[in-house]
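Here the structure is laid out as structure tokens; the discussion comes afterwards.
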There are 2 protein chains.
Amino acid sequence: MAVSERISAPRRRGVTAMDVATAAGVSQSAVSRSFTPGASVAPVTRARVLEVAQELGYRPNLIARSLITRRSGMIGVAIGNLRNQIYPVMLEKLAEGLSAQGYRILLFTAPLDGDADPELAQIMRYQPDAVVLAATSMSSALALECRAASVPVVLFNRMARGAAGSEISSVTGANHDGGRAIGRLIGAAGHQRPAFIAGHALASTSIDREAGYRAGLQEAGLPPPLVTHGNFHERDTREAAAALLQRQDQPDAVFAASDQMAIVAMDVARHRFGLRVPEDVSIIGFDDAPAASWPSYDLTSYAQPAAAMVAATIELLLERIGEPHVAPRQIVVPGRLVLRGSARLPPGIVRDADNQ
Amino acid sequence: MAVSERISAPRRRGVTAMDVATAAGVSQSAVSRSFTPGASVAPVTRARVLEVAQELGYRPNLIARSLITRRSGMIGVAIGNLRNQIYPVMLEKLAEGLSAQGYRILLFTAPLDGDADPELAQIMRYQPDAVVLAATSMSSALALECRAASVPVVLFNRMARGAAGSEISSVTGANHDGGRAIGRLIGAAGHQRPAFIAGHALASTSIDREAGYRAGLQEAGLPPPLVTHGNFHERDTREAAAALLQRQDQPDAVFAASDQMAIVAMDVARHRFGLRVPEDVSIIGFDDAPAASWPSYDLTSYAQPAAAMVAATIELLLERIGEPHVAPRQIVVPGRLVLRGSARLPPGIVRDADNQ
DNA sequence: CTGAAAGCGCTTACAG
DNA sequence: CTGAAAGCGCTTACAG
């Protein structure tokens, strides 16, 4: 049901520029100019207008303004899976950063399944100045849809694959490097039977982390990992972890493609299989989500630096809003391995300290 | 810096109703009507218009529409402390529920300190149809500001205190009842030295939970709790928990005003003081946040039912958008105590099963 | 059922 | 520096 279909009490009229103009004895244009930085108004006029506006409680209607400026000041942000702790953190930082630049977030949550097409279409009708797609499970089709409408789009924490790969801007953590560092860590610590809990089959984050992991394991002279699929989903991850741990040749090191999944795996290992972490099995995640540093998990993880990723996103956004036809850029933000207590350490290496 | 201050490449013009009208050989009004459910258009005309619109990729500009309908279809949502896991969950549900009603969320994150006034003022300029304030630390001044501008406002997970109390609509969990149930549980399980870790001093959630808790303890014949202040903040909570646990007369039951704080307290108890939970100390939270059911915490908590709270919020919102002058309502959504493993149980009572 | 016209609240050339 | 006017993309009485 669209908003317009509902019956409504007549909406009150707010105070408009015209009201202020009348009260201040100037034209409506003068009022508008008084609120436009850099516009040509006599300081004394502006002062009077602002004073009257203050009295009347006038604030320019940004909806009306955007109609003529063709800038809505809104950034559409699609976010799925807010349960992965990194997204709330990112969203908060993104909101703050965009706010500092004078933009607001028009939020839409992508349904976890299938396309968010109808949602996106709806958002587009609000004329966002740009769109950020931050749901790992989302198809590239959405990004291409934005492109088709000439609305700048930036993928966050995922990359477009295949043909669209180089046409769409994106910001990701160092997924391949991180996976590789984890593979090498596992090798250096003397593990023999690596495993991997993958996210969504199509998520670039999971795919890239796995590829890096395989490379790192190989460099360390280890076999390829056993792989099960947690799909970034709690129940699936419990099953994926159990499937690994109940094997005859139980893995001695499990890398999960996200901290969210690593935590589930750790709980399964400890509470369902009675295993000690890391003595019986090392568990490693990716993201360095807030819960990774909670002492009960104390999770070794590859950090995706939220602040830097958000800053890169805002940079891409502003660049494209200013100049829509600038070439797409894929930014990979470097991270670092955070060594805590959930994975055995190589000889001579010490864990990182959380300064708490 | 406002958006309008920035230099911009000329924005492309999208396809407008006029373009469709020309292509379809009808008037612009006919195009508008074709997109307005219930409007008076010949079916054949509408069909042709929609077909041409489809071809041209036309979608009505909601910004323009809202100027005349005085309905933006946007709900301003203020959210602070997204790190408390219940807020992402609520936000997701709120977004879904509002989306189903044809509304979008215009997000603003309230700075954790002080007033969010400038942010709110900015949001108001986008003419939201209503505003939801979901940051516990926010002052009632914001709500009154919305009221002054005749924009319906609903407080989420907090109530206005004092004079504003009955003038502002709100949705909360059963804070007093929940606190009381926890006090009685602690008594029934045979604890002797109760403690409380409070949230922000001014947060109605914390105040009401504490009052209920005191009542419940008293009913059980226990003394009032020792109180320290975690302020819904991680570091403060670590200190608050430590201050309690290092006492000579160490509490044997700690109720924290949120699961977020309870989890921190549990980690302090276990990892810093080497205590067993619940053998040495029972720990109880409030919210039933996702992490409460994670096996490593297995936290006894009073559940705030997210779905019901969001549904109540949406109900209040729609009611007020339809009829701005309807009387304020304070809805208290009943919850229930979820008994897990972090608190000793009274004789004969069994824990709840998480069906995982 | 349809079109021409007015108007939502602004910004911005254009003259003066 | 200022005001009158046009116009952003729509909706909605008003006639016909």
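B/Arg70 has a side-chain polar atom (N or O) that falls below the 4.0 Å cut-off from OP1 or OP2 of C/dG9. Distances shorter than 4.0 Å separate some side-chain N or O of B/Thr45 from OP1 or OP2 on C/dT2. The shortest distance between the side-chain N/O atoms of A/Ser40 and the OP1/OP2 oxygens of D/dC1 is below 4.0 Å. Side-chain nitrogen and oxygen atoms of A/Ser27 include at least one within less than 4.0 Å of the OP1 or OP2 phosphate oxygen of D/dG3.
Comparing B/Ala39 and A/Met18 against DNA chain C, the residue whose closest nucleotide sits nearer the 5' end is B/Ala39. When each of B/Arg59 and A/Val26 is assigned the nucleotide of DNA chain D with its nearest heavy atom, A/Val26 is the one assigned upstream, toward the 5' end. Comparing B/Arg33 and B/Tyr58 by the nucleotide of DNA chain D whose heavy atom lies nearest to each, the residue mapping closer to the 5' end is B/Tyr58. Along DNA chain C, the nucleotide nearest B/Ser29 and the nucleotide nearest A/Ile63 are compared for position; the residue whose nucleotide lies closer to the 5' end is B/Ser29.
Nucleic acid contact class of A/Thr16 (heavy atoms, under 4.0 Å, all strands): sugar-phosphate only.
At a threshold of 4.0 Å, the pair A/Arg104-B/Glu119 counts as salt-bridged, since one of the basic side-chain nitrogens sits closer than that to a carboxylate oxygen.
Relative to the side chain of A/Leu67, the nucleotides C/dT11, C/dC10, D/dG9 differ in distance, and D/dG9 lies closest. Here the nucleotide nearest the side chain of A/Arg65, chosen from C/dC10, C/dT2, D/dT11, is C/dC10.
Atom CZ of A/Phe35 and atom P of D/dT2 are 15 Å apart (whole Å). Distance, B/Arg48 CZ to C/dC1 P: 15 Å, rounded to whole Å. Atom CD1 in B/Ile68 sits roughly 10 Å away from atom P in C/dG7 (whole-Å rounding). Regarding B/Gln127, its CD atom lies at a distance of 16 Å from the C1' atom of D/dC10, rounded to whole Å. Rounded to a whole Å, the OH atom of A/Tyr126 is 22 Å from the P atom of D/dC8. Straight-line distance from the CG atom of A/Asp19 to the P atom of C/dC8: 11 Å, rounded to whole Å. Here the P atom of nucleotide D/dG9 and the CG atom of B/Leu62 are 14 Å apart, to the nearest Å.
Listed for the B/Thr45 side chain is no donor-acceptor partner under 3.5 Å among the backbone atoms of B/Val41. The backbone N or O of B/Gly73 lies less than 3.5 Å from a partner atom in the side chain of B/Asp129, making a donor-acceptor pair.
Side-chain contact between A/Val89 and B/Leu82 is absent, with no heavy-atom pair separated by less than 4.5 Å.
Dense packing is recorded around CD of B/Glu55, with more than 12 heavy atoms of other residues, nucleotides or ligands lying under 6.0 Å away.
When Watson-Crick and G-U wobble pairs are counted only if both distances are under 3.5 Å, D/dT2 pairs with C/dA15.
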